[in-house]
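A, B, ... follow the sequence lines: proteins, then strands. Residue 1 opens every chain. Because the structure is predicted, anything quoted here is derived from the model rather than measured.
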Amino acid sequence: MPAMTTPETPAAAPSGQAYDPTAVEAKWSAYWEAAGVFHADPERVLRGEREPFVIAMPPPNVTGRLHMGHALQDTVQDLLIRYHRARGFEALWIPGLDHAGIATQNVVERALRTQGIERKAIGREAFLTHVWAWKAEYGGAILEQKRRLGDSCDWRYERFTMDDGLSRAVQHTFVSLYEAGLVYRGDYLVNWDPDNQTVLSNEEVDNVERPGFLWTVRYPVVDAAGQPTGEHVDVATTRPETIPADVAVAVHPDDERFRHLVGQTVHVPTTDRLVPVVADDVIKMDFGAGALKVTPGHSENDFEIGKRHNLPTLSILNPDGTLNDLAGAYAGMDRAAAKTRIVADLDAAGLLVRTEPYTVTTPVSSRSGAVIEPLLSPQWYVRMAPLAEKALAAVREGTVAFHPDRWKNEMARWLDDGRDWPVSRQLWWGHRIPIWYPTATDGTRDEDAFVVSVDSPGAGYVQDDDVLDTWFSSWLWPFATLGWPDAGTPAMRAFYPGTVLVSGYDILGIWISRMLMAGLHFTGEPPFRDVFVTGMVKDKQGRKMSKSLGNGIDPLDMADQYGADAVRFTLAGLCAQGQDIKLDPSGFEGGRNFANKLWNAFNVFGRFLETDDAGHPTQHVGPVRPEPTLVEAWIQTRLAETVAAVDEALGKYRISEAAQTVYDFVWRDVCDWYLEVAKPAPGAEMDAETLAFSVGLYESVLRLVHPFMPFVSEELWWKLRPRAAGDALAAASWPAPGPTFPAEAATFSLVQEVVAAVRQVRAQYSVAPSKRIEATVSAADAASAEALASVRGTVERLAGLSALSVGVATDKPPASAAVVVGRHAVFVPLAGTIDLGAERVRLGKEIEAKAGFLRSVEAKLTNETFVSRAPEAVVAVERQKAADAAAQIEALEANLADLG
RNA sequence: GGGCCUUUAGCUCAGCGGUUUAGAGCGCUCGCCUCACACGCGAGAGGUCGUAAGUUCAAAUCUUACAAGGCCCACCA
């Protein structure tokens with residue numbers, strides 16, 4: 001650990017002022033990092049001293065900016081990491097960046113274009129130099145933004161999918177898959193983006209509905225000599241520009257209208273080609289005109305039909321989206337222009353039967369927005385079915401568990417898909433495919449004599465131009481970040497497999513399924529044990545946040561406005577299992593208020609601590625009293641219960657529940673009750689034992705709060721006691737389960753109820769807060785009476801009483817308001833204070849409510865089957881309820897009678 | 001076409017394989033600048049848990065059907 005001085009801590013904010021996170025939050029990330037508190041040491045794991053807890057951060061794009069989805073997922077991840085670190089795990093959160101092939105290439109290309117530089121003009125190497133320069137200057141800003149949120153990554157492990165280690169892992173992976181027979185080259189229809197001139201995987205393509213037309217085109221039937229027979233087949237199409245690539249017309253085999261034409265020949269409009277009529281049962285008789293033009297070169301569906309009928313495949317499209325020579329008269333035209341032209345020509349030729357408006361589902365690149373063309377081209381594929389097998393088993397057997405569980409089925413569906421993965425991309429920014437072609441002296445390469453190798457086979461070979469899909473590095477992320485393919489690195493041995501993956505459901509198929517496959521195939525183990533699937537963050541109306549809608553909420557803006565702690569706590573509170581989050585930015589006020597509450601609560605006792613001018617405590621508090629007071633026993637019990645509840649909630653990834661539990665404990669129990677009881681009278685000093693207990697309690701509170709709100713808790717931590725350098729809360733342990741005092745806790749609950757009863761009466765009758773009144777408690781047993789009497793001063797203060805008298809079944813004062821508390825009654829004399837008639841009405845209502853309750857309980861108890869079949873304990877509870885209710889009614893009725 | 005999710009207070013949502021007369025935050029009402037906090041304190045109002053049937057001693061919770069809203073995948077000539 002580097003030599004650290006106690007960090008600068010601003011003096012306690014003057015009383016009456018709100019907590020200001022800006023100054024506080026700025027300094028802690030740097031401090032934690034310098035102190036090395038996030039460092040994970042593989043040796044401690046390898047020596048068996050600690051269990052690892054490992055999360056690999058889904059690497060954001062280098063081009064990315066932090067959005068609310070990141071903020072949510074990082075909140076969850078950091079919460080889990082800090083929590084487990086405090087629990088004594090060797091916690092490692094691996095940060096990093098994804099090179100994001102297409103996205104980054106597009107961003108840099110656009111940036112260069114504004115300077116008049118065209119990618120193709122400068123060539124591959126020069127362009128890549130620009131990308132690297134761009135990455136060095138602007139890339140990775142998102143990781144700084146994550147530090148701002150308080151992410152406790154071990155930044156020494158930061159990786160980039162294009163760094164040397166990852167690149168080597170990628171090359172190695174491709175070669176090894178090839179050697180295993182799992183990589184092949186094939187001519188298939190791929191999703192072609194004519195703008196970027198690259199292939200895209202299905203996951204990179206969005207299907208959007210756009211208004212278009214459905215044209216019905218007439219295909220004349222011709223005889224053996226090629227002469228029209230007078231018959232025709234009408235065909236419906238949304239893509240007339242592909243007519244020149246038609247190789248058949250297909251009808252349904254059962255279609256009476258066309259059955260006699262099957263096997264005959266039709267003339268393809270706009271061409272001089274004659275093609276057969278074939279029968280295939282995928283044809284829908286009731287759609288359009290009932291017949292389909294078969295264009296295997298430009299439609300996946302047709303490609304399958306073509307294969308079944310041994311039809312040729314014609315492709316009339318150039319990679320840039322213009323038509324090629326096969327398109328005859330339309331060669332050289334852009335696909336959109338060709339469409340217009342062909343429709344006009346068909347119309348002129350009298351072959352256009354009908355034009356009707358039609359909503360066309362159009363495939364669009366999620367990156368460039370270009371309309372995707374199915375294009376026949378040679379690409380490299382990974383065979384997925386053999387890889388999916390083990391992953392599927394791991395998911396089905398629960399070796400990898402999903403939270404919430406329902407994503408298990410969704411994952412199984414993805415893994416069961418069986419489709420191969422096209423991995424080559426016609427881009428420059430990415431991992432170049434490790435395929436080498438021998439070149440002849442004239443420069444021509446032999447595409448079929450390729451060598452697959454990480455390194456160049458030597459002079460005379462040239463590497464494939466294409467790069468690999470971005471996800472081809474991402475799927476190695478959980479282990480390539482730890483040094484794989486070197487199995488022997490300490491990091492790999494200590495921290496693999498990881499513990500949990502936190503991600504949104506949107507990349508279940510494109511990323512998570514592939515990590516499972518890669519992990520099991522390459523390392524023999526699933527890369528993580530749990531997958532926690534978060535919901536997506538939507539806007540207030542439930543719409544996706546997007547740039548085009550302008551409805552995004554910037555987490556950094558929110559952090560500036562409310563504090564990073566507030567953003568984190570609010571998001572944690574909203575993170576219920578698997579539900580999408582409709583985010584209203586004003587919701588962050590809740591988190592801000594909580595941080596403020598925590599801050600102000602410190603002042604109740606903190607102002608009695610001795611400090612130096614900088615606000616640092618200079619003296620340790622003394623010992624706590626050997627026997628805790630009632631409120632101390634109670635709050636300690638609540639602390640233990642709270643820690644247990646948070647443990648349970650986090651163990652089940654019930655993040656919002658954990659946050660709620662912490663919130664209730666801090667606000668309701670510690671602030672509303674403990675501190676209200678513990679704080680000294682105005683002007684008085686806090687006694688040493690109470691101060692010591694408060695500091696100790698607050699230390700536990702801060703440990704508990706820290707994973708949720710690291711900054712404010714760390715700041716307060718240093719205000720509690722003098723601390724050695726490096727003794728940060730971020731490195732401190734989770735609160736240990738302390739002793740519990742069930743009897744005292746129950747007694748304090750009675751105190752709370754008595755106080756609430758008096759307050760209720762005061763509010764009911766608008767007794768001025770400043771007015772002291774008297775109250776009498778008629779306790780049901782001596783022990784309760786004694787306990788209450790022992791804290792008489794506390795009750796008097798909290799309830800605003802001048803005098804509290806306590807007795808066992810004591811006589812009630814005349815003309816009192818009465819409130820029942822369990823088996824006890826609280827009486828507040830009201831003679832001369834208020835209208836007794838009003839109290840009579842209130843009592844009547846109260847009695848009626850209790851009576852209704854009693855009736856419902858008695859109905860159960862007189863139900864023979866309930867008494868005989870329900871568990872004994874349940875029946876006993878009901879009996880107790882009936883007895884209590886009866887006693888309460890009796891007390892209230894007695895008081896009603898007394899009021900006259 | 002296949003699958004999944006949601007429906008609980010005015011709003012946003014919790015409610016964990018069943019047991020106090022269903023909870024929180026925000027909003028609302030009443031009273032308070034009570035020397036930690038008005039980003040606060042105290043007291044309240046507000047819900048036949050989408051509809052219908054079933055299982056059970058007991059259903060917001062389990063089953064089935066239906067309705068409304070949403071998501072994903074496939075298809076879309």
Side-chain angles (χ1 to χ4, degrees), chain A residues 13 15-19 202 207 214-217 235-239 250 282-284 287-295 299 301-302 358-361 406-407 409-410 413-414 417 505-506 508-509 536 540 542 562 566 570 573-574 576-584 586-587 589-607 648-649 652 654 656-657 660 663-664 671-672 675-676 679 681-683 756 759-764 766-770 800 849-850 852-853 856-857 860 863-871 873-875 877-878 880-881 884:
Chain A
S15 160
Q17 278 193 9
Y19 169 60
N202 284 339
N207 290 307
L214 183 65
W215 288 277
T216 304
V217 180
V235 163
T237 181
T238 58
R239 308 207 54 201
V282 302
I283 308 304
K284 293 188 184 114
F287 186 91
L292 169 72
K293 70 189 203 64
V294 181
T295 321
S299 152
N301 187 41
D302 294 13
Y358 188 74
T359 303
V360 186
T361 307
R406 64 186 150 94
W407 294 109
N409 296 327
E410 186 75 13
R413 213 165 293 127
W414 278 107
D417 172 63
Y505 56 76
D506 53 334
L508 224 46
M536 311 304 286
K540 206 173 161 178
Y562 300 105
T570 302
L574 292 169
Q577 287 234 343
Q579 289 312 116
D580 283 349
I581 293 169
K582 284 188 211 169
L583 188 68
D584 180 345
S586 67
E589 287 172 14
R592 177 201 60 188
N593 295 353
F594 187 47
N596 185 240
K597 188 75 179 174
L598 199 66
W599 179 260
N600 278 298
F602 168 79
N603 288 331
V604 175
F605 58 90
R607 60 199 162 100
E648 199 191 340
K652 294 179 185 163
R654 296 178 174 278
S656 61
E657 192 179 308
Q660 184 68 45
Y663 180 94
D664 284 343
C671 293
D672 287 354
L675 289 176
E676 287 302 326
K679 74 179 174 190
R759 284 174 176 171
Q760 204 182 315
V761 171
R762 297 185 70 113
Q764 180 82 26
S766 304
V767 178
S770 53
K850 299 278 185 203
F853 175 61
S856 76
V857 175
K860 276 189 207 171
N863 182 342
E864 184 52 39
T865 40
F866 170 72
V867 177
S868 59
R869 296 225 203 156
V874 172
V875 178
V877 167
E878 293 301 316
Q880 186 61 54
K881 280 196 268 182
D884 287 352

Taking the [atom1] atom in each of [N] and [M], what is the distance between them to the nearest angstrom?
| N | M | atom1 | answer |
| --- | --- | --- | --- |
| B:G27 | B:G47 | C1' | 16 Å |
| B:G46 | B:A52 | C1' | 27 Å |
| B:C26 | B:C39 | P | 12 Å |
| B:C5 | B:A24 | P | 29 Å |
| B:U55 | B:G18 | C1' | 12 Å |
| B:C28 | B:G10 | P | 15 Å |
| B:C13 | B:U6 | C1' | 12 Å |
| B:G3 | B:U8 | P | 26 Å |

How would you label the contact of [X] with the nucleic acid (heavy atoms, under 4.0 Å): base, sugar-phosphate, or nothing?
| X | answer |
| --- | --- |
| A:Leu214 | sugar-phosphate |
| A:Arg413 | sugar-phosphate |
| A:Thr361 | base |
| A:Ala291 | base |
| A:Asn301 | sugar-phosphate |
| A:Asp584 | nothing |
| A:Tyr562 | nothing |

[atom1] of [X] versus [atom2] of [N]: gap in Å, rounded?
| X | N | atom1 | atom2 | result |
| --- | --- | --- | --- | --- |
| A:Asn603 | B:A36 | CG | P | 9 Å |
| A:Phe605 | B:C37 | CZ | C1' | 14 Å |
| A:Arg759 | B:C41 | CZ | C1' | 9 Å |
| A:Phe287 | B:C75 | CZ | P | 15 Å |
| A:Lys582 | B:U6 | NZ | P | 13 Å |
| A:Asp506 | B:C72 | CG | P | 10 Å |
| A:Leu675 | B:G40 | CG | C1' | 14 Å |
| A:Arg762 | B:A43 | CZ | P | 12 Å |

May I ask which nucleotide in the shown strands pairs with [N], Watson-Crick or G-U wobble, both distances under 3.5 Å?
| N | result |
| --- | --- |
| B:C28 | B:G44 |
| B:U34 | none |
| B:U63 | B:A53 |
| B:A9 | none |

For the residue pair A:Trp407 and A:Tyr505, does the interplanar ring angle fall in the parallel (under 30°), tilted (30 to 60°) or perpendicular (over 60°) class? parallel

Minimum heavy-atom distance between A:Ala250 and A:Val294, given as atom pair plus value: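 Distance-wise, the nearest heavy atoms are CB-CG2, 3.6 Å.
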
Closest approach of A:Ala601 to A:Cys671 (non-hydrogen atoms, all atoms of both residues): CB-SG, 3.7 Å

Kindly point out which of [options] is positioned nearest to the side chain of [X]?
| X | options | answer |
| --- | --- | --- |
| A:Lys652 | B:C75, B:C16, B:G42 | B:C16 |
| A:Ala601 | B:C16, B:A36, B:C75 | B:A36 |
| A:Trp414 | B:C73, B:C5, B:A36 | B:C73 |
| A:Glu410 | B:C76, B:C39, B:C72 | B:C72 |
| A:Glu676 | B:A36, B:U6, B:C41 | B:A36 |
| A:Asn596 | B:C39, B:A14, B:A36 | B:C39 |

Distance below 4.0 Å between A:Lys679 side-chain N/O and B:A36 OP1 or OP2: yes

May I have the step-by-step check of side-chain contact (heavy atoms from CB on, under 4.5 Å) for A:Val875 and A:Phe866, ending in yes or no? CA-CA 8 Å; A:Val875 178; A:Phe866 170 72; 4.1 Å; yes

Pairwise 5' ranking along RNA chain B for A:Asn409 and A:Glu657, keeping only the more 5' one: A:Asn409

Please tell me which of A:Lys540 and A:Gln760 maps to the more 5' nucleotide of RNA chain B, matching each residue to the nucleotide holding its nearest heavy atom.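 Mapping each residue to its closest nucleotide by heavy atoms, the 5'-most match is A:Lys540.
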
Worked check of side-chain contact (heavy atoms from CB on, under 4.5 Å) between A:Leu583 and A:Lys540: CA-CA 5 Å; A:Leu583 188 68; A:Lys540 206 173 161 178; over 6 Å; no

Give every pair of a protein N or O atom and an N or O atom of nucleotides 67-71 of chain B that lie under 3.5 Å apart, one pair per line with the distance.
none

Is there a donor-acceptor contact under 3.5 Å from the side chain of A:Arg762 to the main chain of A:Gly800? yes

For the pair A:Ser299 (side chain) and A:Thr295 (backbone), establish whether a donor and an acceptor sit closer than 3.5 Å, ignoring hydrogens and angles. no

Is any side-chain N of the basic residue among A:Glu648 and A:Lys652 closer than 4.0 Å to the acidic one's carboxylate O?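 Salt bridge between A:Glu648 and A:Lys652, a charged N being under 4.0 Å from a carboxylate O: yes.
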
side-chain contact (heavy atoms from CB on, under 4.5 Å) evaluation trace for A:Glu878 with A:Lys860: CA-CA 8 Å; A:Glu878 293 301 316; A:Lys860 276 189 207 171; 3.6 Å; yes

Does the pair A:Glu410 and A:Leu508 meet the rule for a side-chain contact (heavy atoms from CB on, under 4.5 Å), with working shown? CA-CA 8 Å; A:Glu410 186 75 13; A:Leu508 224 46; 3.6 Å; yes

Return yes if a side-chain donor-acceptor contact under 3.5 Å exists between A:Gln660 and A:Asp664, otherwise no. yes

Donor on one side chain, acceptor on other, A:Thr865 and A:Asn863, under 3.5 Å: yes

Quick one, A:Glu589 and A:Tyr562 - any side-chain contact, counting heavy atoms below 4.5 Å?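 Contact flag for A:Glu589/A:Tyr562 side chains = yes.
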
For nucleotides 17-34 of chain B, just jot down a letter per nucleotide in 5' to 3' order: B, S or -, based on protein non-hydrogen atoms under 4.0 Å. --BSB--SS---------

